[in-house]
Each structure stands twice: as C-alpha cells, then as structure tokens.
Amino acid sequence: MVHAMIKNSYEHNCPTPELLSDFCDCGAVDSDLEMTAIARHVDACDVCRRTVEAYRQLDRLVAAVCKPPVGLEKRILAAVKASGQTPVDSPWRLRVFRLVQVAAVVAVLALAAAAVMRYMQPDKDVTLAENTPEPTAQIATVETDTKTSPDSGGAVAVDETHPERLRATGSVRGNDVQAVGIDRNGARAAAPVAQYYLPTAVRHVWTTSDLQQSRRLLDALAKANNGVIAWTDAGAQAGSLTGKIQLEDGKLQALVDNLHSRGLQLVSPSLPQPGTGAKVKFTGQAITYDLVLVRAEQ
Amino acid sequence: MSKTTMSEDRVLVERFKQGDEAAFEILVNKYSGRAYQIAYGVLGSREDAEEVAQDVFIRIHRALPKFRGDAEFTTWMYRIAMNLAKNKYRWNKIRGSKVNISIDAPLEGGGDGSGEERRIDLPDSRMTPDEKSTFRELEKSVRDELDNLPDIYREALVMRNVEEMSYEDIANALNCKLGTIKSRIARGREELRKRLGL
Ligand SMILES: [Zn+2]
C-alpha cells in the first residue's frame with residue numbers, strides 16, 4: 001500500500017488511480033487498514049478527493065446510460081413466444097428418431113431389393129428421405145405489433161384516430177432501424193456457426209431509391225414463389241409502402257438475399273439478414289413477413 | 001448474489017421444468033436488465049444489446065429443461081449473454097463499418113426512437129432542473145465516450161454497474177482474473193474521466 005502510494009506521486013504521496021478506483025468500490029480494497037489509510041488521504045488531499053468524486057459521478061452516469069429500455073421484458077417474452085421453441089433437444093431427438101426410421105426402412109427396402117431386383121439402388125431412397133423437411137413444430141403466432149403500444153419501445157405513437165395512416169407509414173420502430181454495414185459483399189462473409197430458428201412473424205424495413213420499382217420487383221419475386229403480396233399503399237405519396245406475405249422460412253431468406261443483391265437496404269436488425277442462410281435453421285414453416293419499403297434520401 | 005436469491009432461482013427453475021411458464025416470466029422480469037447491460041457493455045449499442053437480450057432468453061427457454069441445479073442460474077445466464085454478445089460483436093465486424101441510414105419517412109409521435117423513453121427515469125429526483133439538464137448533457141457525452149472507449153474497459157465499467165454483479169461475477173463472465181478486472185475498471189474510469197474533463 002505505502003509502496004503503491006509512493007509509486008504514484010512523489011509530491012502528494014497519492015494512491016494510484018487504481019487504488020482510488022478500488023476505494024470507490026469499498027469491497028475491492030484488500031484490507032480495512034488500507035481502506036482507512038486511503039480514506040484519510042482522500043479526506044486531506046484535494047486532488048484525490050476530486051478524482052474520487054469524479055469516479056462516483058461517472059458511476060452514476062454510466063448506470064444511467066446503460067439503463068435497460070422500457071418494455072424490454074415484454075419484448076423478450078414476445079420474442080420467446082414467437083420463437084415457438086420446443087426444448088432444444090427435441091429437434092435432435094426427432095432427427096435421430098427420423099434417421100433410425102429411415103435406416104430401418106432403407107434396410108428393409110435394401111433387403112427386399114437385393115432379393116428381388118438386384119439392379120435397384122437403395123441409396124437413392126436414403127437421399128430422398130433425408131431431404132424431406134422435418135415436421136413443422138406447433139408454433140404460436142404472435143402478432144408483432146402494427147399497433148405499437150407506447151411502452152413497447154416503438155418509435156411511433158399510435159394514432160387511434162388514423163389507424164390507416166399508421167399502417168401506411170409502417171410504424172417504423174426504434175428497433176427497425178440500425179446502423180447498416182456498407183460492405184455489400186461483406187454481408188456474405190462467413191456466418192457464425194450458431195443455428196437460429198426464424199420466428200413465425202418477421203417484420204423488416206427496407207430502404208430503396210425507387211418505391212414503385214421495388215414494389216414491382218417484390219411482386220415478381222412473390223409470384224415466382226407462388227405467393228402474392230398484399231400491399232397497403234395509402235402512404236405511397238408519403239414515401240413508404242407496407243406489404244404482407246406468407247412464405248416458407250427458406251424462401252424468406254432467399255427473398256431477403258435477392259432484395260439485398262438488387263440494391264435495397266435492410267435497416268431492421270432482426271433475422272433473416274442478407275447472407276445469413278448458414279446461420280438459420282430452416283424447418284419449412286410458414287412465416288408472415290411484414291415489410292415496409294421506405295424511400296431513401298438520395 | 002445472496003443465498004435467498006439463489007434458492008429462489010432454483011425454485012423458479014424447478015417450477016419451469018415442471019411446466020410452469022409463469023416461473024420463466026419471473027426469471028425474465030428479474031434478469032432481462034442484466035442480460036441487456038452485459039450485452040451493452042460488449043457491444044456499445046443499445047439496439048444490438050436488446051437483440052442479444054432477447055436471444056439470451058430464447059436460448060435459456062430452450063435449454064432450461066436441461067439446466068442442472070448445481071450451477072447458479074445467474075452465472076449461467078451471464079455466460080450465455082457474454083457469448084452471444086461476443087458472437088454479435090464478431091458478426092458486426094465481419095459485416096464491416098457502420099453508416100447511419102437516414103429514413104425519409106414521416107414519424108408520428110416524434111422522438112428518434114433510439115431511447116428517449118430510456119431516460120424517463122431521472123438519475124436523482126432530488127436534483128434541481130438545472131442539475132438535471134447538466135446531468136442529461138453529461139449523460140449524452142458519457143454515452144458517446146463510452147461507445148468509443150476500448151472494448152475491454154467499456155465491458156468492465158458497464159458490468160461494474162450491473163445490479164448485484166460482483167467483481168467475482170464480472171471476472172467469471174469475462175473469463176479474467178480478479179486483478180485484471182479491478183485494473184480494467186480503474187483504467188476505464190480514469191480514461192473516461194480524462195475524456196470528459198471531469
Ligand atoms: Zn492525493
């Protein structure tokens with residue numbers, strides 16, 4: 001302790017900043033004796049007292065800055081529900097069970113085939129069986145709010161008198177918007193190996209330089225997937241368009257990749273993001289995709 | 001972490017395993033803020049921190065049936081939050097540098113949506129209006145400086161302010177020695193103090 005004090009300053013014999021910092025977190029100082037010595041010094045030394053006061057003020061400020069947002073718990077619970085997960089081991093058990101089934105079927109087939117028709121290729125059955133989509137889990141659909149309540153972290157207050165107007169402008173929420181990577185190719189870099197499931201409802205805000213052109217592009221892409229986008233275009237003049245479509249999860253990823261490659265910018269942070277195909281586990285489940293097209297500033 | 005809280009958590013985990021979803025909601029209400037703050041410490045972005053916090057509890061909900069009672073729930077949760085936040089951090093790096101997109105959409109109700117409501121809670125209700133406004137200004141500078149602080153200092157400083165997170169918990173979550181944490185907190189404080197001219 002005395003050594004540390006001397007090390008720091010020959011003029012004031014002040015404790016090191018580290019000791020002063022420990023002193024602020026009372027318990028962090030090693031002994032009561034040391035604590036008392038620092039307290040005495042701080043009391044007598046203007047420089048150190050100001051430092052300690054500054055540290056304490058900083059603590060209050062940092063605490064205020066990292067205060068969790070209002071409504072966080074609700075949004076977490078909604079996200080958990082939307083993720084509709086059965087416990088994590090279930091898909092694996094299902095898959096193992098399925099593989100055992102497949103193996104059994106293949107074995108029987110192979111035996112029969114070998115006995116009756118020697119030219120058959122049982123391998124083909126294996127491949128087909130493995131590519132069969134897994135059964136879709138029962139997932140409760142949670143309407144991710146077009147009617148953003150004031151406490152759900154949305155940026156838009158609901159105007160009950162003009163609900164259609166809200167829908168038209170697409171109720172861009174705080175979490176819809178994030179800083180976006182500039183590097184278009186970068187988005188396709190190696191994704192983390194972690195596997196995610198998509199929720200049953202996804203909402204994305206895209207920016208585009210040309211609303212109508214993007215709308216036509218989306219209609220064409222939807223048609224190619226045997227789907228139709230229901231547009232609410234009352235807000236077109238205000239610079240945004242809102243649409244809704246039901247898609248399989250894998251097709252949604254493809255759609256997102258496609259829009260991204262055609263120059264639209266996704267500003268929502270939620271999955272699927274462009275190029276996250278390797279990150280997402282596709283089950284073939286249907287997803288309600290709400291998309292908001294917003295004209296970007298040139 | 002008090003013993004009572006530990007055993008409370010154990011009871012909640014057990015109840016959830018028996019199929020009581022309400023027990024899970026209690027855990028979320030109790031700990032979502034901490035998950036958020038840990039993620040915020042790593043990422044320095046509120047939007048990313050919220051995404052991670054949601055992810056943390058999606059993971060926990062899935063894995064809780066297999067969670068063994070011999071570890072503390074909080075220790076486990078801190079670790080998940082830390083890992084997911086680090087993954088997100090790496091992912092952000094891969095995606096490249098950031099630009100702010102300006103959206104040409106009319107926003108009803110005003111506000112930038114990035115956190116006005118976060119500041120509803122006043123730091124100290126005894127402050128005079130002048131003091132409050134000074135605090136607000138400082139708070140903004142702290143946010144900017146905190147986001148620009150070297151990651152290891154920000155992580156330690158933010159976690160230091162997570163409710164009931166001890167130095168040991170922080171060291172555990174960051175996988176560092178206690179001494180390292182102490183010194184990072186100290187350096188973080190000193191660096192921030194200098195940058196803010198306090
Ligand atoms: Zn001194």
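Throughout, a chain's letter reflects where its sequence line sits, starting with A, and its residues are numbered from 1.
Under a 4.0 Å N-O distance rule, the pair B:E72/B:R10 does not qualify as a salt bridge. Salt bridge annotation for B:K194-B:E191: absent, with no cationic side-chain nitrogen under 4.0 angstrom from a carboxylate oxygen. With salt bridges taken as basic N to acidic carboxylate O contacts below 4.0 Å, none links B:E50 and B:R46.
The interface of residues 173-181 of chain B with chain A, defined by heavy-atom distances below 4.5 Å, comprises B:G179. Within residues 145-154 of chain B, the residues having any heavy atom less than 4.5 Å from a heavy atom of chain A are, in residue-number order, B:L146.
Scanning for side-chain contact (heavy atoms from CB on, under 4.5 Å) contacts around A:D59 gives A:D25, B:R160, B:N161, B:R189, with sequence neighbours left out. With sequence neighbours left out, the side-chain contact (heavy atoms from CB on, under 4.5 Å) criterion links A:L77 to B:F24, B:E25, B:V28.
Within the 4.5 angstrom heavy-atom criterion, only side-chain atoms of B:Y40, from C-beta onward, approach chain A. At a 4.5 Å heavy-atom cutoff, A:E53 makes no contact with chain B through either its backbone or its side chain. Residue B:L64 does not touch chain A at all, counting heavy-atom pairs closer than 4.5 Å.
If you check the side chains of B:S141 and B:D144, you find no donor sitting under 3.5 Å from an acceptor.
Between B:A186 and A:P17 the shortest heavy-atom distance is CB-O, 4.3 Å. Pairing each heavy atom of B:D48 with each of B:N92, the nearest pair is OD2-ND2, 2.8 Å.
If you look at A:F23 and A:Y55, their ring centroids are not closer than 6.0 Å.
Residues A:E34 and A:L19 form a side-chain contact, since some pair of their non-hydrogen atoms from C-beta on lies under 4.5 Å apart.
A tilted orientation is assigned to the rings of B:F73 and B:Y31, their planes being inclined by 30° to 60°.
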